[in-house]
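In what follows, a structure is listed as C-alpha cells, so that the remarks can point back to it.
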Amino acid sequence: MITLDPARLSQHFDPREAEDRWDRAWEEWGVHRYDEEGQGERFVIDTPPPTVSGSLHVGHVFSYTQTDVIARHQRMRGRNVFYPMGWDDNGLPTERRVQNYFNVRCDPSLPYEPGLKTEPAGEGGQKAPPRKVSRKNFIELCLALTAEDEKAFKALWRRLGLSVDWALEYSTISDHARCIAQMSFIDLFRKGHVYQVEAPTQWDVDFRTAVAQAEVEDREQRGAYHHLRFGVEGGGGFVVATTRPELLAACVAVATHPSDARYRGLVGKRAITPLFRAPVPIFSSELVDPEKGTGILMVCTFGDATDVVWWREQGLPVRQIVGRDGRLLPAEFGSGAFPSLDAPAANASYAPLVGRTVKEAQKAIVDQLRDPTGAAAKDAQPPLQGDPQPITHPVKFFEKGDRPLEFITTRQWFVRILEHKQELLDAGRKIQWHPEFMGARYRDWTQNLQLDWGISRQRFFGVPFPVWYPITAQGETDFSRPILADQASLPVDPMSDAPPGYPPSQRDRPGGFRAEADVYDTWFTSSMSPQIASGWTLRPERHRRLFPNDLRPQSHEIIRTWAFYTIVKALLHENTVPWRHAAISGWVLDPDRKKMSKSKGNVLTPMHLLDEYGADAVRYWSLSARLGVDTAFDEKVLKVGRRLSTKLFNVSKFVLTQSAPEAPITRDLDLSFLFRLRETVEQASTSLDAFEYSTALDDVERFFWNGFTDSYVELVKARARSEADPEGRGSAVAALQLGLKVFLRLFAPFLPYITEEAWSWGFAQAEGARSVHRAAWPGVADFGGLRAVEGGGATFDAAVGFLAAVHRAKSQAGASVGRHLARLRVATSPATLRRFECVRADAVAAARVENHAAESREGLADGSFEVLECELAEGRPEA
RNA sequence: AGGCGCGUGGCUCAGUGGUAGAGCGCCUCCUUGACACGGAGGAGGUCGGUGGUUCAAUUCCACCCGCGCCUACCA
C-alpha cells in the first residue's frame, strides 16, 4: 500500500519542467530502446522521414503523435518496438531553401572554394544577384543548413514525447542511406527494371530538372484561344485554335478527327504555317475532339502530352524551340530541321523571339500574327483571326514549381513500373489500410499510371547514380554501356570517384569515362526507408528480422508517392510488400476547414502550443482525431486535454495520499467499480489493436471522468477515511489504488508525461517498473483473484444513479453538493433496488443523507432513481 | 467528368435498424478536506434534401444539393 505525504506533492503540475525532466530520464534509461538481441515479438514501424527543410507545422505534431500512441501501446504490450526516425534532407526543397537562405545558386562549372564564407541573405538580401558557387560548396551549404533544421525537428519530437529510439536515427543523405539507395539502383539494373532513354520529359524550367508523373499537379490558369489561319498547299486554308501560339515555329503537323466532315478533304495534304511557312502534314486521329476549339489543331514539339503521343505514333520530326531554361532557342529556317517555303521571312519572324521566355515570346508573336503580311493563306487576312478568346484551363505544374512544365527531350533513367501494374495492384490488396478506403487511393493511382517512373534529376543535393559511361576513342560518350560501381565500394560519387578499371586521370578523356551528373529523385531514396532502417544487404540477418515492417504511418497526399514507390521497391527487390499495415492520417485544417498552406498564410507552428498547453494536451488533441479524418484545428480541444491532465494529477494525489492497512478488496461497490474498469480495459485494448486510438481514448476518458473521479472516488471517500471500518477502509484504498494504477497505464500512451509523473510517486517502486511506459499493459493480471460481484457493473451503476439523483435534487433546491439532507425518499426499479442494497452505506454517506428510504417501483429504467421527497438539513452539521 | 470521404444542438466531433451523445460555449447554482487549471444542475438538435426498403430509418438503398480530396480533362 502506497501512502504519500500530501505536503511533499506540489500544488500544480508544471508541464514544461516535467517534459524536460522525463525526456532526459527516458533517454537515459533507454525506455524507448529497441533490443537488437531481443527474442520476443517485434513491432516494426517505418516512420516517415520528414522533409527537414520544410517548416514545422501542427500537421507534423498531429500525425506523428498518432503513430507514437501505437508505438507506446505496443511497447506496453511487451513487443520489442523498432521505432526509428529519419530526416529526409536531400532534394529540391532543401536546394531551394539554401538558395533563398544564402542567396546563392549552384554553378557546377565553378571550382570548389575551400572555406567559402556565406552569410544568411536576410530580409532585403534578395535584391543582390545570387552568388554563384561550385557544386561542392553548394552541397556543403545544404548539409550545414539541414543539420540545423534537423535539430529543430528533433527538439520538437522530443518535447512532444515521441517514443522514438534515437539510436536508430538516420538521414537520407547520409553515407548509409546513399549506400542503400545506390545498391537499390544496382539491383534494379541487374534485374532489368531500369532503363535510360532520350525522350520528351516533363521539365521544370526554373529548377531545370525533369519531374515524375507523381510530382505533377494541375492548376487552373488563365489562357486564351488564339485562332490562327493556316494555309494549305495548293490553295485554301483553315483556322486552328491554340493556347500556345508561341509554339507555332515548333509546329510539325496538323490533326483533325477522322469523322469530321469539315476537314476531311484536308487529310493527307500539307498545311502551311503562318509566319514561318513551314509545310506540315495534316493527319487524322481519334484523339482529336471535334467539339473543342475549331476541331483542327496544330501539333508541336511539344505542347502537351498528346503532342508526344502523336510524335511517336506519326513519326513526326522534332522541332525543339523551348530550351531547358524556358527561353526560346535559336533555329534556322530553311535548314533540314526547320523547313520553310520562305526561309528569309521565317527567320526574320523568328529572330526577335530567340532568348525570350515562353510568356514574352507569346506576346511578341501575337503582334506579328496580327500583321497580314505573315499570312500563309494568300487572302490578305491576318493570321490571327479576331481577338484571343480568354479561357481558364488546367495546366500542368511541378508541385513545387512556379511556371508551367514544358516537354523537353533529355536523357533520363526510368524504373519500369507500367509492366508491373497488376503486381502492384495485388500488393496494395495485401496491405491492410487504415482506414480501409485509403486503399482505394493507392488502387486508383496505380490503375491510372501512364508513365514509367523517371528517376533522374538534374540537380545537385541528392544521391548520385553509381554510374559512369565510357568515352569512345573518338570522344563520344557511349550511354548504351553504363559502367556500374562495385557493390563493395558504395557509396560512390561518380563526379569524384573513378569507375572500376579506370584510373582517375581518364575522366572526360577519349577512351576514358564520364560521370553520370544527375542525382536521384528524392523518392528513389526515401522509398527505401524500411531498408535504410534495417540495413538490407549490409545487415541481411537484421533485415530478415525487421522486414517486411508491421506499420507504415503516413498522410494521404503522399500515397501516390511515398507509399507507392516504397511498394514498388519492395516488389522489385524482394517480391513482397514492405509492410502489413498502412495507417493513413488526416490533415489539420485551419479553423475554417481550409487546407493550411504557406501561400495562404494560415499555417500554425506547434511550439507555442506546447508552451501554452503542455505536450500532453497537444497530444490529446492529436489523438482525439480518428485516422484518416481531416480535422479543423480547434484550440478548445487543447484545453480539454490540459484539463484531463490536471485531473489525472489531482486524483493521483488524492488516491496516493489515502492510508489504510494492507487489505483485500472485498466490498461490492469496489468490486463492481473494478468490473466496469475491466470492461473499459478490454474495449481500449481492442480499439488500440486495430489502431483506433481515438475510440480507445474516448472510452478510457469517459470512464475515468464519469466512473472514477466523479463517481467512484466520491462514493468511497468516506469509507477510505473511516476509523470504524478498517476492513472496508482497506478495501476502498486498495481498489482506489488499483483503479489509479490501471488508469495511469491506460492513459500512458496518450499522455506520457503526466502519467509518468504520477506513476513515479509510488507505483514505479511498488510495481518494479520505473517507467510506466515499460509497465505491462493492464489486463487479466490486474483483475485476477477478485471475487465476482452480484450484478456485475450494474451494482456500481446503481450507486452512481443514486448519487446523480441526489445531486439533481440538491441543485434544484439551490443547495451545494456538500449540503446534508435531513431526509430523502427515492424510488427505483426492483432490480436496481436490489443492487442498491449492496452499496447503500457508501452511497448514502457520499450523498450526505441523514435519514433515507428507498422503495421499488415498476416501470423505472434500471440504474435511474427518482427523488420522491427531499429535505435539506439545517445549516451545516458536523460530518 | 469519374471515384472516395464528409454533411448530427452556437462550435469541434462521437455514435447507432428501435424514444438523439460528448466536450466546449451559454444559463443557474456551489469555494466541500484531490482538484476553482474545479464541482453540481439546466436549456439547446424534425441527425443536408427527396424518395424507397422495413412493424420501425439519423443509421440500409437510390437520386439530388453543399463541402473537401483524389484522378482525368491541357489543341
Side-chain angles (χ1 to χ4, degrees), chain A residues 6 9 11-13 217-221 223 225-226 240-244 247 254-256 287-289 292-300 303-307 310 391 393-396 404-405 435 437-445 447-448 450 556-557 559-560 586-587 589 591 593-595 613-614 617 621 624-626 628-637 639-658 694-695 698 701-702 705-706 709-710 713-714 717 721 803-804 806-819 848 876 879:
Chain A
L9 298 173
Q11 187 70 19
H12 295 300
F13 179 57
E217 66 183 23
D218 287 339
R219 295 183 199 161
E220 282 295 325
Q221 297 287 303
Y225 277 138
H226 298 71
V240 303
T242 179
T243 56
R244 302 203 62 185
L247 291 181
V254 167
T256 180
L287 296 176
V288 177
D289 179 356
K292 211 162 183 175
T294 56
I296 187 164
L297 60 95
M298 68 170 188
V299 180
C300 305
D304 59 39
T306 328
D307 283 353
W310 284 320
I391 55 162
H393 62 147
V395 177
K396 290 205 184 300
L405 290 168
F437 68 81
M438 286 295 180
R441 296 262 188 120
Y442 171 83
R443 190 196 58 219
D444 293 349
W445 171 256
Q447 264 165 357
N448 286 322
Q450 303 294 325
H556 51 66
E557 85 276 20
I559 288 175
R560 65 169 169 166
W587 274 342
L589 307 175
R593 292 203 69 84
K594 296 278 176 254
K595 185 178 164 180
Y613 294 99
W621 160 71
S624 301
R626 287 175 304 156
V629 175
D630 294 347
T631 304
F633 178 77
D634 184 2
E635 208 150 334
K636 289 180 301 195
V637 183
K639 289 183 183 163
V640 176
R642 186 171 59 187
R643 206 164 71 95
L644 175 62
S645 171
T646 302
K647 197 73 174 176
L648 267 163
F649 179 86
N650 285 316
V651 81
S652 298
K653 215 159 71 169
F654 169 74
V655 169
L656 295 176
T657 51
Q658 303 307 303
S694 63
T695 309
D698 197 49
E701 182 188 5
R702 194 196 331 273
W705 214 278
N706 299 335
T709 65
D710 287 351
V713 167
E714 295 304 327
K717 249 180 194 171
R721 298 197 189 94
L803 198 60
V806 174
H807 283 161
R808 211 175 303 123
K810 285 180 181 173
S811 188
Q812 273 158 14
S816 74
V817 176
R819 183 75 175 270
R848 305 184 186 191
R876 261 198 60 210

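If you're wondering where the values come from, they're calculated on a predicted model, not measured in any experiment. Below, read A as the first sequence line, B as the second, and so on, with proteins coming before strands; counting in each chain starts at 1.
Under 4.0 angstrom from either OP1 or OP2 of B:G15 there lies at least one side-chain N or O belonging to A:R626. Using a 4.0 Å cut-off, some side-chain N or O of A:K647 falls inside it from OP1 or OP2 of B:G39. Listed pair A:R702 / B:G21 fails the phosphate criterion, with no side-chain N or O lying under 4.0 Å from OP1 or OP2.
The CD-P distance, from A:E701 to B:A14, rounds to 14 Å in whole Å. Here the P atom of nucleotide B:A1 and the CG atom of A:N448 are 18 Å apart, to the nearest Å. Between A:Q812 atom CD and B:C29 atom C1' the separation is 12 Å, expressed in whole Å. In this structure, A:F633 atom CZ and B:C11 atom C1' are separated by 14 Å, rounded to whole Å. As a whole-Å value, the separation of A:H12 NE2 from B:C35 P is 9 Å. Atom CZ in A:F654 sits roughly 18 Å away from atom P in B:G38 (whole-Å rounding). Atom CH2 in A:W621 sits about 12 Å away from atom C1' in B:U12, given to the nearest Å. Residue A:Q450 contributes atom CD, which lies 9 Å from atom C1' of B:A72 at whole-angstrom precision.
At a cut-off of 3.5 angstrom, counting only N and O atoms as typed in the model, there is no donor on one side facing an acceptor on the other between the side-chain of A:D630 and the base of B:C69. In this model, no side-chain donor or acceptor of A:Q11 finds a partner on the base of B:A34 within 3.5 Å.
Of the listed nucleotides (B:A40, B:C69, B:G23), B:G23 has the atom at the smallest distance from the side chain of A:K636. In this structure, of B:A34, B:C73, B:C4, it is B:C73 that holds the atom nearest to the side chain of A:P394.
Counting any heavy atom pair closer than 4.0 Å across all strands shown, A:A241 reaches sugar-phosphate atoms only and no base atom. Among the protein residues, A:V288 comes within range of the nucleic acid bases, having at least one heavy atom under 4.0 Å from a base atom. Using a 4.0 Å heavy-atom distance criterion, A:V395 is classed as a base contact.
The same atom, C1', is picked in B:A40 and in B:C47; the two are 29 Å apart, to the nearest Å. B:C67 and B:C30 have their P atoms separated by 49 Å, with the value rounded to a whole Å.
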